[in-house]
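Fair warning: this is a prediction, and the values are worked out from it, not measured in the lab.
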Amino acid sequence: MTITVNGEKTSHEVEDRTLLVHHLRDVVGLTATNIGCDTSTCGSCTVLVNGESVKSCTVLAAQVDGDEVETLEGLAGDGGEMDAVQNAFQQKHALQCGFCTPGMVMAATSLLRENPDPTEEQVRMALKGNLCRCTGYHNIVQAILSAAEGIR
């Protein structure tokens with residue numbers, strides 16, 4: 001299968017049963033995408049496929065053949081500088097233990113690309129599929145609203 005990951009085209013043989021999250025981590029070598037629950041409950045594995053937020057633990061790698069996949073690693077600039085969402089997470093102390101952060105950032109990125117001026121309620125709705133086990137949603141929501149201000 002051939003996919004474009006963070007702007008780079010990659011081709012690999014994959015078993016039919018390989019999940020996208022395992023392909024990204026184990027084959028492509030991008031480990032920011034976390035495996036949290038394997039049931040799509042926690043959202044730690046959230047990536048963007050053709051710009052849409054998906055939980056990569058419930059998508060077979062073969063299903064994205066020919067598609068574009070974005071992971072947390074792809075958000076940083078060429079010089080490694082953080083994008084607006086990553087920067088806002090850091091500035092608003094929205095990181096807690098950090099395990100859920102990649103999925104939260106990708107879900108937030110998807111939201112802000114679709115709706116650059118979300119309300120707090122819309123941010124909370126967009127995050128409903130992502131769990132923070134540290135229960136730090138307040139700072140995460142504030143970070144996303146701050147990123148939205150910076151992007152506008």
V141 with I151, same ILVMFWY side-chain cluster at under 4.5 Å: yes
Shared hydrophobic cluster, V21 / V54 (ILVMFWY, side-chain heavy atoms < 4.5 Å): no
For a quick test of your reading: what N or O donor-acceptor pairs under 3.5 Å do the side chains of residues 88-112 make, sequence neighbours left out?
unit_1: T101; atom_1: OG1; unit_2: G98; atom_2: O; d: 3.4
unit_1: T109; atom_1: OG1; unit_2: V105; atom_2: O; d: 2.8

What closest approach, in Å, do [X] and [Y] show between heavy atoms, and which atom pair accounts for it?
{"X": "G36", "Y": "S44", "result": "N-CB, 4.2 Å"}
{"X": "R133", "Y": "C37", "result": "NH2-CB, 4.5 Å"}
{"X": "T58", "Y": "T39", "result": "CG2-C, 4.4 Å"}

Residues forming a salt bridge (charged side-chain N to carboxylate O under 4.0 Å, His left out) with D117, sequence neighbours excluded: R152
Side chain to side chain contact (heavy atoms under 4.5 Å, CB included) partner of L24, chosen from L19, T10, N6, V47: V47
Donor-acceptor pair, side chain of T4 and main chain of G7, under 3.5 angstrom: no
Donor-acceptor under 3.5 Å (Q122 side chain, T119 main chain): yes
ring-ring contact (aromatic ring centres under 6.0 Å, His included) contacts touching residues 22-58 (sequence neighbours left out): H12-H23
Qualifying salt bridge (charged side-chain N to carboxylate O under 4.0 Å, His left out) pairs with a residue from residues 59-84, counting only residues at least two apart or across chains: E70-R113
Salt bridge (charged side-chain N to carboxylate O under 4.0 Å, His left out) partners of residues 3-23, not counting sequence neighbours, each pair once: E15-R17
Side chain to side chain contact (heavy atoms under 4.5 Å, CB included) evaluation trace for V49 with L20: CA-CA 10 Å; V49 175; L20 179 57; 4.2 Å; yes
Side chain to side chain contact (heavy atoms under 4.5 Å, CB included) between C45 and I35, worked out: CA-CA 6 Å; C45 64; I35 302 168; 5.8 Å; no
Y137/L131 under side chain to side chain contact (heavy atoms under 4.5 Å, CB included): CA gap, chis, key distance, verdict: CA-CA 9 Å; Y137 295 100; L131 298 177; 3.8 Å; yes
By side chain to side chain donor-acceptor pair (under 3.5 Å) - contacts of T31 (at least two apart): none
Is there a side-chain contact between [X] and [Y] in this structure, where contact means two heavy atoms from C-beta onward sitting under 4.5 Å apart?
{"X": "L127", "Y": "I140", "answer": "yes"}
{"X": "L30", "Y": "R25", "answer": "no"}
{"X": "T18", "Y": "L60", "answer": "no"}

Distance (rounded to the nearest 0.5 Å) between S56 OG and L48 CG: 10.5 Å
N139 CG to C134 SG distance, which is reported to the nearest 0.5 Å: 11.5 Å
More than 12 heavy atoms of other groups within 6.0 Å of E114 CD: no
Residue pair V123, E120: steps toward the side chain to side chain contact (heavy atoms under 4.5 Å, CB included) verdict: CA-CA 5 Å; V123 169; E120 182 174 332; 5.6 Å; no
Check against side chain to side chain donor-acceptor pair (under 3.5 Å), T2 and S11: CA-CA 4 Å; T2 299; S11 296; 2.7 Å; yes
